[in-house]
Each structure stands twice: as C-alpha cells, then as structure tokens.
2 protein chains.
Amino acid sequence: MPETARQIADDLRARIESGDLQPGDRLPGEPSLVRTYGVAKMTANQALKILVTEGLAYARPGSGTYVREFRPIRRVANDRLSKARWASGHSIWAADVDRRPLATDVQVYEAEAPHQIGRLLNLEPGAPVLVRSRKYAVEDRPVQIATSYLPADLVRGTAITEPNPGPGGIYARLAELGAEPVNFAEELRARMPSEEERAALNLAAGTPVLEICRTAFTEDERPVEVNQMLLDAGSYVLEYRLSS
Amino acid sequence: MPETARQIADDLRARIESGDLQPGDRLPGEPSLVRTYGVAKMTANQALKILVTEGLAYARPGSGTYVREFRPIRRVANDRLSKARWASGHSIWAADVDRRPLATDVQVYEAEAPHQIGRLLNLEPGAPVLVRSRKYAVEDRPVQIATSYLPADLVRGTAITEPNPGPGGIYARLAELGAEPVNFAEELRARMPSEEERAALNLAAGTPVLEICRTAFTEDERPVEVNQMLLDAGSYVLEYRLSS
DNA sequence: TAGTGGTCTAGACCACTGG
DNA sequence: CAGTGGTCTAGACCACTAT
C-alpha cells in the first residue's frame, strides 16, 4: 500500500489542525509510527519530515518532533498613518507587542555599488556607496538581516559612517544634510531561503523568508537610501496602511 | 561518508546559481547522480528533492527535474501614489508587465460572519455577511484566491450581490451607497501552504504563499470590507508606496 | 520500450538528548 | 544508559514520459 508517508502526515496534520496536538506538543516518534502503521523506519521519518517542511513541526534530534508555534512580531511599515484611528487594535493575527528586535553585528564600510543598487540610487556605474549591514534579534533569536546602501559622496564624514549614528538614526542625520527621506517604495517577495540564509537566520526547515527592498526618497524625489531586508517569515506579520 | 545528499544538492545549487544551469534546463537525473557520486538511488532522489523543496527546481515524473523560473506579477497596493514620479521604473526584480490576473470561479453568497471577520467589521457576533470568493488566473495558471466579506445589511439588494458587480467593481457600488472605501489596512504574512491550498493554487513543492488580509474603511472610519487573499508567492512581487 | 521520478522496505550506523 | 531523529544502502515495484 503506497502513499503511506503522506497518509501518516495527513493523519498527524489533522490532529494538529483539530487542536488534538497543541503547539509545543511532542508528535508520535518514529518508533511509535513504525509500530502503529507497520511501516519501515525511513517511511516514518519521511512522514515527519513532510510536516517539518510544511512548517507545521520542528525536529529536535535526540528528543522528538514537536508542533511549531507562531508568535509573530508586528512590523508596521507606515509610521505617520499608524496613529490613524481606523485600523487600531483590529488585527487578524495575534502578535506579541513590545518584542522589539534589537540590532546587533553592525558593520559599516564603503564599497562599489552593486549593479542593481546603483541603478536604484541613480548612481554612475561603479560609484561608491556606504554599506550598513546589521542583524536584528529578539531574545537572542535572529529574525532579520538588513543591509542599507547610501551614496558615499552624500554621507562621507557624517555620523552615518559610524556603527551608531546617534539619536534618530541615519534618517535624522540625512535630514541634517538636507536630504530627509519622506517617500518610500517597498518591493516585497516571499521565497524559500538559500542555505546561507537558513544558517544566518537559524531557520527551521519549512520556513520561508520575506525579502524586502525599500528605497527612500527625499522631497525632491532623489533616492538616498536602499535598504535590503531579509526576514524570518515565521517571526513577522507586516502591516501596511494606505490612503485613497 | 554521510551528508552525501546535501553535498550533491550543494553542487547542483552552485551550478544553478553560477548560471551553468539556466532556468528551464534539465538537471542531471537520478541514474546519472548514482553513477557520478556512487550513491544509492534513494540518496540521489533525496538530493533532487532538496532542491525542489527549496523552490529552485521542479520535478516532472517520467521526464526529469528542471531549474525553475521566476517571472512574477507586480501587484501595486497603493493606487493614488502609484503615479508619483519617484519610484517609477526603479524596481529590483524584473516583472512582466501586462500579465494581469483575471478573475474566475466567482461565487457570491450570504453567511454568518466568521469570528475574526466579524470583529474586523465591527459586527455583532453571528451577524450576516456577504461573501464574495473568486480565483485569479494568468494564462490558465491560478495565482491567487481571494475572499471578500461585506456587511450583508449594507449591500443587500445592490449589484454587489451579483457575480459581476458592474463597472468600477464593488468599490464603485459602495461609493454609490455613500460608503466609499478610502483607507486600507493590509496585514501580510508568508508561510508554507496547507495541502488544500497547494492543490487549489496548483503549487509546486517549495513554494510559499503570501496571505494578505485587507480591511477597507470609509472616510468616517467605518470598516466596510475585509478581503482575505492567498497568493502564490512564486508568482508575485508586491509593491507598497509610503509617504512621510 | 527504455528512461524517468516516486516510493517503500529492512537493516545499519551515527550523534545527540535526557533521565 | 536507552531513546530519538538523521542518514545511507541495495534492491524493488509503480506510473508516467518520450521515442
């Protein structure tokens, strides 16, 4: 009787979705599945692996396979409108408030603009950019990697070239330079991570990433920053507020 | 020498990322991998399966395993700002223009408001809602499922209850009712699809979905529509434009 | 008909966890 | 220490594709 691994996975999935198995609960182990379904150990292994790749469970070698939990961080893209009375407190996904990611591993250096980035920033090919890359973590768990690119000619000699750019962050410093970002364009896509990305974000199998490319523009429509972000999709809910 | 399947997958992934293997190209088959790496057939199979679950390849049983392509549709969430001169033509991901998804399988019916939806619409528990569900497809390939919920008391007896609501769509009809949506809140999340979702969107393994919940508000901050969307992440790039 | 991916078995060894 | 998941082998059968 083929199709056995999928069958077993279906059974377990049903038990998860029905609430019979709660987040954090331990699933029946491989030996248990071998006994109750009369299959080979590897088939039991594959059944569990299906749930892991679906993001419904995670395996802890030597211990067991467990139902995964989903407690996302809320990222509100739009700051000014966020105080609007509409859409306050009305969210479909529960999210922990005040679990704010903290920046770590800040690295700042100058480099030649990558092709795509230079194009977004309206720079000549090969022009220098300031690169600010950092990782964000919550409770020691990495949740996001971000890399900002700014025209080197614009920011050289300012606090933006420091790992800690001072109060208000780099946007405050840009404002002091007469280049305050006021408009933003975000491009967003979801996909499975590469092996390096999996390692860098310490992702469980079956977790997609959200890739965001945000370009910041001044009042006179000049692009002054490109920020490329990679988010652990299992840790985030994004929120956008739009008018008109 | 363990770790073999991952090694093989790494080799193939490198060849894909280097451009040695182009999108659409056929990967070395299982028998070929068995010969060149001296492994068991099942190990070769698992190596290929790793690339499939990573979304880098897809398998066509009886034919071969091929490198996947990524030609997304661009979805611009914000309409009014979309004509801004900033952020025009500056996109990081190439996307086909004019591959517009078409709605199919439109179903309209009245039902009791699901718990979460009722909350978002500020309705009494158990209040009736009009449900409009439809599927969107491009070139016969399904790319999105969308379900809208509107307060039944508001829209009963209007063209909104028809599968085809007329020119301008349901928002034009809402405007005629004095309930024009002008503000929107979108919550967004990426995850792996369930089995049903995989089937409904005809998704390849290793393709995440984007789940979007959009609430529409009138000028006087009244929620009038909740639209729940499920997108094939491999088919979409989302764009948001923000001010201030 | 030959080749392909999909799946299963029965047994094996490993590294790790937890009491 | 026993129990867990992770992986590999060698062989098998199936349904499908392409020629």
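Convention: sequence-line order gives letters A, B, ...; per-chain numbering from 1. Values below: all heavy atoms of this structure, side chains included; hydrogens, waters and symmetry mates excluded.
- The shortest side-chain heavy-atom distance between Tyr149(A) and Pro114(A) falls under the 4.5 Å cut-off.
- Contact annotation: the side chain of Asp232(A) never approaches that of Val209(A) to less than 4.5 Å [non-hydrogen atoms, C-beta and beyond].
- Judged purely by distance below 3.5 Å, without hydrogens or angles, the side chains of Gln7(B) and Tyr37(B) never pair a donor atom with an acceptor atom.
- Looking at the side chain of Thr4(B), the nearest of the listed nucleotides dT9(C), dG5(D), dC8(D) is dC8(D).
- Shown for residues 27-40 of chain B: residues whose heavy atoms fall under 4.0 angstrom of DNA chain C, namely Gly29(B), Glu30(B), Pro31(B).
- Going from atom CD1 of Ile8(B) over to atom C1' of dT7(D) covers 12 Å, rounded to whole Å.
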| request: Summarise how protein sits on nucleotides 13-19 of chain D as a single string, 5' to 3': B when a protein heavy atom is under 4.0 Å from the base, S for sugar-phosphate-only contact, - for no contact. | output: ---BBS-
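- Side-chain contact annotation: Tyr240(B) with Glu187(A), donor-acceptor N/O pair under 3.5 Å absent.
- Both tests hold for Arg60(A) against Tyr66(A): distance to the six-membered ring centre under 6.0 Å, angle to the ring axis within 45°.
- Per the geometry, CE belonging to Met42(B) stands 18 Å off P belonging to dT4(C), to the nearest Å.
- The closest side-chain heavy-atom distance from Leu56(A) to Arg13(A) is below 4.5 Å.
- Distance, Gln46(B) CD to dA10(D) P: 15 Å, rounded to whole Å.
- Counting to the nearest Å, the C1' atom of dG3(C) and the CG atom of Leu48(B) are 15 Å from each other.
- Residues Ser148(B) and Arg134(B) bring a donor and an acceptor atom of their side chains to less than 3.5 Å of each other.
- Taking side-chain N and O atoms only, Arg6(B) has a distance below 4.0 Å to OP1 or OP2 of dT7(D).
- For the pair Arg68(A) and Tyr58(A), the cation-pi test (distance below 6.0 Å, angle within 45°) is failed.
- In this model, the phosphate group of dG5(D) is not approached by any side-chain N or O of Asn45(A) to a distance below 4.0 Å at OP1 or OP2.
- In this entry the distance linking CD of Gln7(B) with C1' of dT7(D) reads 13 Å, nearest Å.
- By the 4.5 Å heavy-atom criterion applied to side chains, Gln228(A) and Arg214(A) are not counted as neighbours.
- Distance from the side chain of Thr65(B) is smallest for dG5(C) among the nucleotides dT7(C), dA10(C), dG5(C).
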